[in-house]
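Right, one structure below, let's go through it.
What you see is a predicted model, and the numbers here were worked out from it, not measured in a lab.
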Amino acid sequence: MSIEFFSDEFPGFQSGEASAVVDGQYINVPERLSYISFDSLSKSVQEEAYYKYKVIVLVKEHLQGGWTKKNIDPILDSLFEQGHIEKKPSWRSVARWHKNYDQVIGPKSLVSAKGLVKNPGNSKRDDADFYKRAVEEKFLKRERPHVSTAYYHYFNNILLYNRAHPDNAIEPITKSAFYKRVKKISPYEVEVGRFGKAEADKDYRVVNKFSAAERVMERVEIDHTPLDLILLDDTLLIPIGRPYLTILIDCHSRCIIGFYLSFQEPSYNSVRSAIMNACLSKEDVTKNYPMIKKDWPCQGKIETLVVDNGAEFWSKNLEFFCASVGINIEFNPVGKPWKKPLVERLFSIYNSRFVKEIPGTTFSNAQQLAGYKPEKDAILPFSYFIELMHIWIIDIYNQSPDSRMTRIPALSWEIGCKKYPPPLYSGFEEKIFKIEAFPTELCTLRRGGISIDRIDYTNEELVEYRKITPPPPGSKVVKVVVKRDPEDVSYIYVYLVERKEYIRVPAVDPDRLYDGLSVFQLKVRRKLRRNFINSKTDYVGIAEAEKLIDDRVSEIAEEVSASKKKIKGTKKAAAYFGISSENPSSIVDGFTSREISDIEKENKSHSGVNPNDEEWKRISDDLEPYS
């Protein structure tokens, strides 16, 4: 069942479609994607929305009954006393937030109308700016300086300001008042500044206990592992190493719902690609692999994504992507893999029942490799392994009962979908989902458009937008939110804030060198090109030639300084005698010709090389260059 959760918010969007390439497939998509992007909102607005979302989740976990004052107030008191929330809202606010919250849209539904309008700021002049700057520059730092350092920075800056503006002097607060003001900063903000966001999130996030999921896609676990298998290149048939597998498993049905296999180390792109494979339709799988007997119906919106503490899961791109599409991220406690048991056990089953049966398997323990060389035994090209992996997932694992004979994953999925079908991504929602998954960058809009990785992106619409969009107050440039597909650098999506829409902007690429080129491929190609150019460049010869030029110029300068005469019309004389790169001679050589010698005899009284400087210049100025 598909939920049209964008249809009311963006009426009329479906009109005016255009052809485009999305994820390597040629499809019809609209040129503009009109909706309010979470990335375009200010940091304070995003944090406010996250705070409301956090309160709703915490209250809902402990709520018994309706969202009333009697039920909510004790929960808020307990959460505040235990430090789970930094400030305690009123029960009416929490009930209103819960009413406004839309699980499909996510925290974006909690943004107030005021948050969608740019705040002009407070123009009143007081010590607030000095206090803010002192705290940010001298207290909320990874070096963790003492608060007194921030106070003296604040105090000294005010003294310097008062000396320059005696008529508008500011009275600094005392050290004790400054300390009290600093203590009012939220502990989370302090820890983010002094220890980093990763450490702060570990201390202040909600760690939920593992509980059984009641619906398909309610709770999905994701993780990475390097395969204990060496694969071959499809064309060269030589070993290319062990790939990394990113896989997702549904906690309710135990189905494998998606995966991503790559030789690049785990990154946000691995997570993004695996999530897209899990959430979107897999109709093409059986077409691409006709040997598969069963269907792979697993798709839909993930409610909660359970992750570990790998760097790729702490990325801002993943955080904003999941928030934009309404996916809650649940971090597994460090050192407690049993709270994410399904995917951990899946890797063990996968390696023991599938990978170990394929020639070229390797071992994690070096001692087990004694007398065995997996590179020599490897026989499976990468594309063939992908086909076998689809067969194993769809026709074997998802169709096999568990060891206790309590469930068959594919059957549990079928029953679960009949009872609580998950929302599906299709049409416009699917296109928005794909774009939101792309990494986000904040780029400067320049005369040549937008430049990323030394690739220029521009079109007429972007130029027109730059014409009518002035820089914000206090800035000289216009910055825009940009999303780019890591698998195809030939285009980007640019979000235009005033128009509340994304536009598709192609790369300036007349030779089509970037079509279908990934970011990783681009970096590798450029590195190879640099290495090639460096290997072919004679830097010693260039240095010797530059030194020769410098020495020769010095010698010529000394010669000219010793015999320099002020002679008029020499440039015209050089033109007359045809001095050029083909005839590098001197005007003196021309004046020694018989014609000029006769003139010199008639003008013996004239001093200098040119017999008549003014007359020569006058005659030559009247002539046009020949063509």
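Atom-to-atom distance recorded for Ile247:CD1 and Asn277:CG is 10.0 Å, nearest 0.5 angstrom. Atom CD1 of Ile185 is separated from atom CD of Glu191 by 13.5 Å, given to the nearest 0.5 angstrom. Note that the CZ atom of Phe321 and the CD1 atom of Ile329 stand 9.5 Å from one another [nearest 0.5 Å]. A distance of 7.5 Å separates CZ of Arg530 from NZ of Lys527, quoted to the nearest 0.5 Å. The structure places CD1 of Ile432 at 10.0 Å from OG of Ser324, a figure rounded to the nearest 0.5 Å. Atom CD1 of Ile450 is separated from atom OG1 of Thr458 by 8.0 Å, given to the nearest 0.5 angstrom.
Taking the side chain as every heavy atom from C-beta outward, Phe385 and Leu229 approach each other to under 4.5 Å. Within the 4.5 Å cutoff, no side-chain heavy atoms of Arg194 are placed close to those of Arg142. With a 4.5 Å cut-off on side-chain heavy atoms, Leu248 and Phe259 do not count as touching. Contact annotation: the side chain of Tyr154 approaches that of Ile158 to within less than 4.5 Å [non-hydrogen atoms, C-beta and beyond]. For the pair Leu496 and Ile503, the minimum side-chain heavy-atom distance is below 4.5 Å. Residues Glu461 and Glu464 fail the side-chain proximity criterion, which asks for heavy atoms closer than 4.5 Å. Within the 4.5 Å cutoff, no side-chain heavy atoms of Thr246 are placed close to those of Asp223. Glu189 places a side-chain heavy atom less than 4.5 Å from the side chain of Leu140.
Using a 4.0 Å cut-off between a side-chain N of Lys or Arg and a carboxylate O of Asp or Glu, Asp551 and Lys547 qualify as a salt bridge. Taking 4.0 Å as the cut-off between side-chain N and carboxylate O, Lys141 and Glu143 do not count as a salt-bridged pair. Electrostatic pairing of Asp456 and Arg447 does not count as a salt bridge here, judged by no charged N lying under 4.0 Å from a carboxylate O. A salt bridge links Glu319 with Lys197: the closest approach of a Lys/Arg side-chain nitrogen to an acidic carboxylate oxygen falls below 4.0 angstrom. Here Lys479 does not pair with Glu441 in a salt bridge; the nearest charged N to carboxylate O distance is not below 4.0 Å.
By the 6.0 Å contact criterion, OH on Tyr539 is enclosed, its count of non-hydrogen atoms from other residues, nucleotides or ligands being greater than 12. Within 6.0 Å of atom CZ in Phe382, more than 12 heavy atoms from other residues, nucleotides or ligands are found, so the atom counts as buried in its surroundings. Environment of CZ in Arg144: crowded, with over 12 heavy atoms of neighbouring residues, nucleotides or ligands closer than 6.0 Å.
You'll find the ring centres of Phe130 and Tyr161 inside the 6.0 Å limit. Aromatic pair Tyr131/Phe139: ring centres not closer than 6.0 Å. Checked against the 6.0 Å centroid criterion, the rings of Tyr260 and His224 do not qualify as a close aromatic pair. You'll find the ring centres of Tyr502 and Tyr495 inside the 6.0 Å limit.
No hydrogens or angles considered: nothing links the side chains of Glu312 and Asn269 as a donor-acceptor pair under 3.5 Å. Side-chain N/O atoms of Asp485 and Tyr493 include no donor and acceptor closer than 3.5 Å.
When all heavy atoms of Val489 and Ser518 are compared, the pair lying nearest together is CG1-C, 4.0 Å. In this structure, Phe263 and Gly241 approach most closely via the heavy-atom pair CE2-O, 3.4 Å. Minimum heavy-atom separation, Pro145 to Lys138: CG-O, 2.8 Å. Scanning all heavy atoms of the two residues, the minimum distance from Tyr457 to Leu462 falls at O-CD2, 3.9 Å. Counting all heavy atoms, side chain and backbone alike, Pro471 lies closest to Val477 at CB-O, 3.6 Å. Minimum interatomic distance between Ala507 and Ile455 (heavy atoms only, all atoms of both residues): CB-CG2, 3.8 Å.
Residues satisfying the salt bridge (charged side-chain N to carboxylate O under 4.0 Å, His left out) criterion with Arg552, sequence neighbours excluded, are Glu555.
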- [ ] Would you sort out whether Glu436 and Arg272 count as a salt bridge (Lys or Arg N to Asp or Glu O under 4.0 Å), showing the intermediate values?
- [x] CA-CA 10 Å; Glu436 287 291 356; Arg272 176 193 72 90; over 6 Å; no
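The aromatic rings of Phe438 and Tyr491 sit perpendicular, their planes meeting at an angle over 60°, well past the 30° parallel limit.
Paired with Tyr244 under the rule side-chain contact (heavy atoms from CB on, under 4.5 Å), one option of Ser270, Pro226, Ser262, Ser267 passes, and it is Pro226.
Among residues at least two apart or in separate chains, salt bridge (charged side-chain N to carboxylate O under 4.0 Å, His left out) pairs with a member in residues 511-521 are Arg512-Asp515.
Looking at Asn459, its side chain never comes within 3.5 Å of a backbone N or O of Val505 through a donor-acceptor pair. With hydrogens and angles disregarded, no donor-acceptor distance shorter than 3.5 Å links the side chain of Asn317 to the backbone of Pro439. Listed for the Arg526 side chain is a donor-acceptor partner under 3.5 Å among the backbone atoms of Asp453.
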